[in-house]
Amino acid sequence: MYKFLIYISYAYAIPIGRPLEYEIKKRGYEIKWFSELETAKRKLIQEELDVLNDIRDVLAYRPDIVLAAANDVPDFINALKVQIFHGFHAEKRKGEIGHFRIRGFFDLYCTQGPSTTSEFKDLQKKHRHFEVIETGWPKVDPLFPINKKSNRKVPTIMIASTFTPRLSLAYNEEVFQAIRKISETGKFRIFMVLHPKMPEAIVAKWKSLNNKHFTFFDTTDLIPLFKQADFMFADTTSAIQEFLLQRKPVVTFRHSQKKDYLIQIEEASQIDASFEKALHCPEEIMNSIEKYILQLHPYFDGRSSERLISAVIEFLHKDKSYLKRKPLNLARKYRIRKQLHYFTWKSYNRPFRK
């Protein structure tokens with residue numbers, strides 16, 4: 001019998017843990033959830049998940065494996081600590097290392113595909129206190145099998161935006177007006193979601209567009225919307241990578257990087273023409289998408305959760321004496337204790353073995 005804990009910070013990580021919960025329960029193991037943030041905890045309770053109330057409950061639960069869709073995890077939990085990631089590498093800034101930052105808390109990184117595995121394998125050789133296993137990303141399991149291209153007379157666009165003001169299309173007045181005009185024509189059916197961290201004033205502004213052809217969705221469960229959309233309009237959000245796995249085109253507004261698998265525009269005046277281009281799925285774009293996703297996430301079977309759970313159980317029992325002790329990380333450890341209102345001298349710097 002294994003006891004699992006899914007550890008998240010923000011509510012948008014719940015869809016990452018859902019397929020894992022299903023797989024864990026299917027195998028007859030125990031599973032509980034925890035977040036240190038009250039807003040996420042309320043969402044977990046609202047979705048009727050088995051939630052531990054505070055860190056003392058986590059310690060009393062004594063999990064064997066912690067699956068973390070968060071940057072950090074408390075070092076004083078005596079369990080195997082596994083990084084499962086809260087998103088794809090969004091490449092919002094040139095040379096950005098956030099996705100690959102080693103914070104010194106995890107025993108195992110379960111990577112999404114070759115483009116991230118290769119980077120983490122290099123980091124593993126450098127740091128030598130963790131292991132790397134490529135499993136695919138559980139969040140996208142429900143995306144498969146991929147829906148066939150729709151034959152609807154009215155195509156569907158999904159709009160998604162990041163919360164960073166300088167990167168977000170949601171703050172741009174010209175984009176807002178262009179989408180308003182398009183929504184009034186009835187030429188497209190438009191779905192829109194915004195990042196949960198988006199200011200309420202921006203959310204309210206876009207909600208005001210709701211009409212027969214435009215629907216704003218207040219949700220973190222994007223996959224049902226992905227499946228209905230013919231193409232995406234976005235900025236530099238990590239939702240782009242998830243959407244591309246369907247082999248559907250994405251139009252981006254002022255994306256921070258030049259990418260051959262995207263239809264990229266810089267001005268709102270280009271929106272109409274770019275949407276027409278996306279509808280026709282240009283061959284060169286589609287070929288570039290295919291090459292990209294084979295490096296990003298070459299798993300189209302919807303079984304990444306299954307691979308991940310098998311991998312962590314096997315690693316749990318593996319001889320891990322070859323791994324070095326984790327770094328001291330005193331500042332980060334103090335910050336975690338302060339955030340959780342729990343101070344202890346205990347710190348488990350060697351991988352847990354059952």
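Distance CZ/R303 to CD1/I309: 14.0 Å, rounded to 0.5 Å. If you take CE on M192 and CD1 on I157, they are separated by 11.5 Å, rounding to the nearest 0.5 Å. With values rounded to the nearest 0.5 angstrom, D235 atom CG is found 10.5 Å from Y171 atom OH. For the atom pair OG1 (T237) and CG (L194), the distance works out to 10.0 Å, reported to the nearest 0.5 Å. With values rounded to the nearest 0.5 angstrom, N78 atom CG is found 9.5 Å from L59 atom CG. One distance of note links CE of M1 with NZ of K3; it measures 9.0 Å at 0.5 Å rounding.
Scanning all heavy atoms of the two residues, the minimum distance from S115 to L296 falls at OG-CA, 3.7 Å. When all heavy atoms of S9 and L37 are compared, the pair lying nearest together is O-CD1, 3.3 Å. Among all heavy-atom pairs drawn from E131 and Q124, the shortest one is OE2-NE2, 2.7 Å.
Both tests do not hold together for K81 against F352: distance to the six-membered ring centre under 6.0 Å, angle to the ring axis within 45°.
For Y29 and Y2, the ring centers sit closer than 6.0 Å to each other. Aromatic rings of F188 and F233 (six-membered ring for Trp) have centroids beyond the 6.0 Å cut-off, not under it. In this structure, the ring of F85 has its center no less than 6.0 angstrom from the ring center of W137.
Ring geometry for F120 versus F100: interplanar angle of 30 to 60°, hence tilted.
For the pair H280 (side chain) and P282 (backbone), a donor-acceptor distance under 3.5 Å is absent. A donor-acceptor pair is defined here as one N or O able to donate and one able to accept, closer than 3.5 Å; such a pair exists between the side chain of S118 and the backbone of P114. In this structure a side-chain-to-backbone donor-acceptor pair under 3.5 Å is missing from K25 to I31. Under a 3.5 Å cut-off, the side chain of K333 and the backbone N or O of L328 do form a donor-acceptor pair. Using a distance-only test at 3.5 Å, with no hydrogens or angles considered, a donor-acceptor pair links the side chain of Q264 to the main chain of Q257.
Looking at E276 and K187, their side chains come closer than 4.5 Å, going by heavy atoms from C-beta outward. R332 is listed as a side-chain neighbour of F105, based on a closest heavy-atom distance under 4.5 Å. Side-chain contact check for K248 versus F231: every heavy-atom pair is 4.5 Å or farther apart. With contacts defined as side-chain heavy-atom distances shorter than 4.5 Å, the pair L49/I6 does not qualify. In this structure, V312 and T135 have side chains that are not in contact, with every pair of non-hydrogen atoms separated by 4.5 Å or more. The shortest distance between side-chain heavy atoms of T252 and T236 does not fall below 4.5 Å. When side chains are defined from C-beta on, F130 counts as touching I102, because their heavy atoms get closer than 4.5 Å. With contacts defined as side-chain heavy-atom distances shorter than 4.5 Å, the pair F275/D230 does not qualify.
Under the salt bridge (charged side-chain N to carboxylate O under 4.0 Å, His left out) criterion, the residue pairs touching residues 43-52 are R18-E47, K32-D50, K43-E47, with sequence neighbours excluded. Applying the salt bridge (charged side-chain N to carboxylate O under 4.0 Å, His left out) test to every pair with at least one member in residues 286-298, sequence neighbours left out, gives these pairs: R247-E290. Screening residues 105-120 for salt bridge (charged side-chain N to carboxylate O under 4.0 Å, His left out), with sequence neighbours left out, gives D107-K326. The ring-ring contact (aromatic ring centres under 6.0 Å, His included) contacts involving residues 32-65 comprise Y7-F34, where partners must be two or more places apart or lie in separate chains.
Around the CZ atom of R128, the shell of radius 6.0 Å holds no more than 12 heavy atoms that belong to other residues, nucleotides or ligands. The number of heavy-atom neighbours closer than 6.0 Å to NZ of K197, taken from other residues, nucleotides and ligands shown, is above 12. Environment of CZ in R335: crowded, with over 12 heavy atoms of neighbouring residues, nucleotides or ligands closer than 6.0 Å. Counting heavy-atom neighbours within 6.0 Å of Q177 CD, excluding the residue itself, gives a total above 12.
Listed by chain and residue number, T156, M158, F243 satisfy the side chain to side chain contact (heavy atoms under 4.5 Å, CB included) test with A229 (two or more places apart in sequence, or in another chain). Contacts of Y10 classified as side-chain hydrogen bond (donor to acceptor under 3.5 Å, both in side chains), with partners at least two apart in sequence or in another chain: none. Residues passing the side chain to side chain contact (heavy atoms under 4.5 Å, CB included) test with K212: none are found, sequence neighbours excluded. Shown here are the side-chain hydrogen bond (donor to acceptor under 3.5 Å, both in side chains) partners of D319, two or more places apart in sequence or in another chain: S321. With sequence neighbours left out, the side chain to side chain contact (heavy atoms under 4.5 Å, CB included) criterion links R56 to D54, Y342. Not counting sequence neighbours, the partners of P327 by the side chain to side chain contact (heavy atoms under 4.5 Å, CB included) test are H129, N329.
If you check the side chains of S310 and R27, you find a donor sitting under 3.5 Å from an acceptor. Side-chain polar atoms of E23 and S305 form no donor-acceptor pair below 3.5 angstrom.
Ion pairing of R337 with D75 is present here, as a side-chain N (NZ or NE/NH1/NH2) and a carboxylate O approach within less than 4.0 Å. Ion pair E314/K318 not flagged as a salt bridge, since none of the NZ, NE, NH1 or NH2 atoms sits closer than 4.0 Å to an Asp/Glu carboxylate oxygen.
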Cut-off 3.5 Å, no hydrogens considered: what does the side-chain donor-acceptor table look like for residues 199-206, sequence neighbours left out?
unit_1	atom_1	unit_2	atom_2	d
K205	NZ	E173	OE1	2.3
W206	NE1	A170	O	2.9

For residues 265-273, please give each side-chain donor-acceptor pair under 3.5 Å, one per line with the distance, not counting sequence neighbours.
unit_1	atom_1	unit_2	atom_2	d
E267	OE1	R254	NH2	3.1
Q270	OE1	E266	N	2.9
Q270	OE1	E267	N	2.8

_Applying side chain to side chain contact (heavy atoms under 4.5 Å, CB included) to S161 and M198, what does each step give before you reach the verdict?_
CA-CA 9 Å; S161 179; M198 192 69 74; 4.1 Å; yes

*Carefully, step by step, assess V73 and F106 under the rule side chain to side chain contact (heavy atoms under 4.5 Å, CB included).*
CA-CA 8 Å; V73 65; F106 296 102; 3.7 Å; yes

*Given the rule in the side chain to side chain contact (heavy atoms under 4.5 Å, CB included) test, do E21 and F4 qualify, once you have shown the distances and angles that lead to the verdict?*
CA-CA 9 Å; E21 180 185 60; F4 286 82; over 6 Å; no

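I14 and I24 fall within the same hydrophobic cluster, where Ile, Leu, Val, Met, Phe, Trp and Tyr residues are linked whenever their side-chain heavy atoms come under 4.5 Å apart, directly or through other members. Two different hydrophobic clusters hold I289 and Y299 under the rule that ILVMFWY side chains link at heavy-atom gaps under 4.5 Å. V154 and F226 fall into different hydrophobic clusters, defined by Ile, Leu, Val, Met, Phe, Trp and Tyr side-chain heavy atoms under 4.5 Å apart, directly or through other members.
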